[in-house]
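One structure is given here, and the rest of the page talks about it.
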Amino acid sequence: MKKAGHTMLEGFKRSYSIVLLLALWEVAVRFGIAPSILLPAPSAVALALVRDLGDMHYLSDLALTLYRLFTGLVIAIGGGILIGIGAAQSRLGPLLLEPLIRVLSPLPKIVFFPAFLLLLGFGSAPRIVLVVIDAIFPALLAAYFGARAIDEKLIWSARAAGMSRFACVFRVVLPAALPGILTGVRIAIVIGCVVVFLSEMVAPGDGLGDALIRAARGFQTVQMFVPLVTISLLGLALDYAVVRVQSTLVNW
Amino acid sequence: MRARSDRFGSALAPLVVVAVLLALWQAAALAIRSSYLPPMTEILPVLGRLLWSGDLYPDLASTLARLFVGLGIGLVLGIPLGLVSGRSPAFANFITPILAAFYPVPKAALMPIVMLWFGAGDFSKILIIVLTVSLPLVYHAQQGARAVDDKMIWSAQAVGCGSLRRLFRVVLPSALPEILIGTRVAIVIGVIVTITSEMIVRQTGLGNYLFTALDMGQFTLTYAVILVVAALGFLLDWAFEIVRRRLTVWAPDRLDADVAATS
């Protein structure tokens, strides 16, 4: 109990500036310094968020966005780790992968979105593909550089002890590269959240991003903040979950 | 091995990659035969005419102008903020949670809200760019300033160097390699946020031109503009990498610099 109180105090100390900022914002709106039509109070946004989370229409938008996000992330992270570790295992891999990374990773991937719309229609598919090509790079790069940075003596001793090449990848390379890979996964998750939302704003139809566009057309400022806060909190929560996994792994 | 593949990679390999990708595209387009996927042999002539006619240049210019103004303001604000927070734990405790909470927010999605406050002009768009590019700049400047050897600060103090002078004469140069990595990230995501906000609020710029072509059913032109924007993103990063490597030949090269560039 005492420990819980202590960590709560620590938590407050660590994030007091956010509390302060939200309080100032609330006061500014309450006292009419900022007009609430243009800038709704944080409490009003929080209330609207809670209300919308009980609304079937909003929940269906949220479900669509989550479906697109998670499908894209699973493909991007799984594929990225597979390609990254695979390429690090052979002599040819780096020669093929490094130039490809140099050309493709700095490209603004969202510019290919119109092409995906043309080829895949206006449904979920083009948004999932956009999430994949945007989120794959941090996962791939982390896996590739993580696997290349492994002390080769570890692999030699495992191989000398009779471990097969294939088993070695799973028992030695992957565990050693995992902390770095999880850092890549964290970046991939946040990029995925941002990109799926933006894809729904650029070509509206449904999903959380579309909810923002609808609210903007109706000048409902509070409703504009709700989807934005939802996707940001989702990003923070998923990121925090990976950090927790990462810290247990490092302790081990 | 690594040095050789690097030298090969920096000069020729990207060109080979681009040629192979364009050839794959051509093959796919010829196999599918759909007006939604025109072959490169149709796109490239349209691209040539587009660049020759100058039709795209006003939009290209307005995109680049906003991007560079946004980056400039971001550098001027972000680097000092990051350096100070790297040397002052109290300031870091204040600013880090705010930046961490702002990090997962889709910044281009703020466009409709910012427009309510400041109108649909350049000010709103540049504000979004500044907010976006400042995050990696502050973060990397902070990391760089934190890693400065304390003994250097003490010696500067001992010879009577004031705190502001210390920040610019001691902390800034030692943090430079890290700051330049932050700048690279800022350029990459700066291009993304500039184009994306132009796609959301369609008035001027390459993002607007792209979706206008798409809406008018000019698919070949759409693909030509996609190539222009992709090339712009690559060339800006490539040019800055040359500058960055020149400026930091003395610093140990970081293997994970590319990982950071995608964040």
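Just so we're on the same page: letters track the sequence lines, and every chain starts at 1. A quick note: this is a predicted structure, and the numbers were derived from the prediction, not measured.
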Other residues, nucleotides, ligands: >12 heavy atoms within 6.0 Å of A:L66 CG: yes
Structural part of A:L100 lying under 4.5 Å from a heavy atom of chain B: both
Segment of A:A216 engaging chain B (4.5 angstrom heavy-atom cut-off): side chain
Under 4.5 Å from any heavy atom of chain B - which part of A:L234: neither
Short N-O contact, B:R202 and B:D215, less than 4.0 angstrom: yes
Salt-bridge present (B:E241, A:R102; N to O < 4.0 Å): no
Chain A contact via B:L206 - which portion, at a heavy-atom distance below 4.5 Å: neither
CZ (B:F91) with more than 12 external heavy atoms under 6.0 Å: yes
Check: B:Y139/B:T96 side-chain N/O donor and acceptor closer than 3.5 Å: no
Lys/Arg-Asp/Glu bridge criterion (N-O < 4.0 Å) met for A:R214, A:D61: yes
Residue pair B:T63 / B:E198, side-chain donor-acceptor N/O under 3.5 Å: yes
Region of B:F102 in contact with chain A, defined by heavy-atom distances below 4.5 Å: neither
Chain B contact via A:L117 - which portion, at a heavy-atom distance below 4.5 Å: side chain
Side chain, backbone, both or neither of A:L236 within contact of chain B (heavy atoms, under 4.5 Å): both
B:L116 portion near chain A, given a 4.5 angstrom heavy-atom threshold: both
Winner by heavy-atom pair count (cut-off under 4.5 Å) against chain A, out of B:A100, B:A231, B:A230: B:A230
Validation row, ring centre B:W25 to ring centre B:Y223 under 6.0 Å: yes
B:R244/B:D237 salt bridge by N-O under 4.0 Å criterion: no
Heavy-atom pair count under 4.5 Å with chain B, highest-scoring of A:G235, A:A115, A:C193, A:G209: A:A115
Contact origin within B:F94 toward chain A - heavy atom pairs under 4.5 Å: both
Residue among A:L118, A:V202, A:L228, A:L20 with most heavy-atom pairs under 4.5 Å to chain B: A:L118
B:A213 versus chain A, the contacting section by heavy-atom distance below 4.5 Å: neither
Under 4.5 Å from any heavy atom of chain A - which part of B:L210: side chain
Interface moiety of A:V111 toward chain B, non-hydrogen atoms closer than 4.5 Å: both
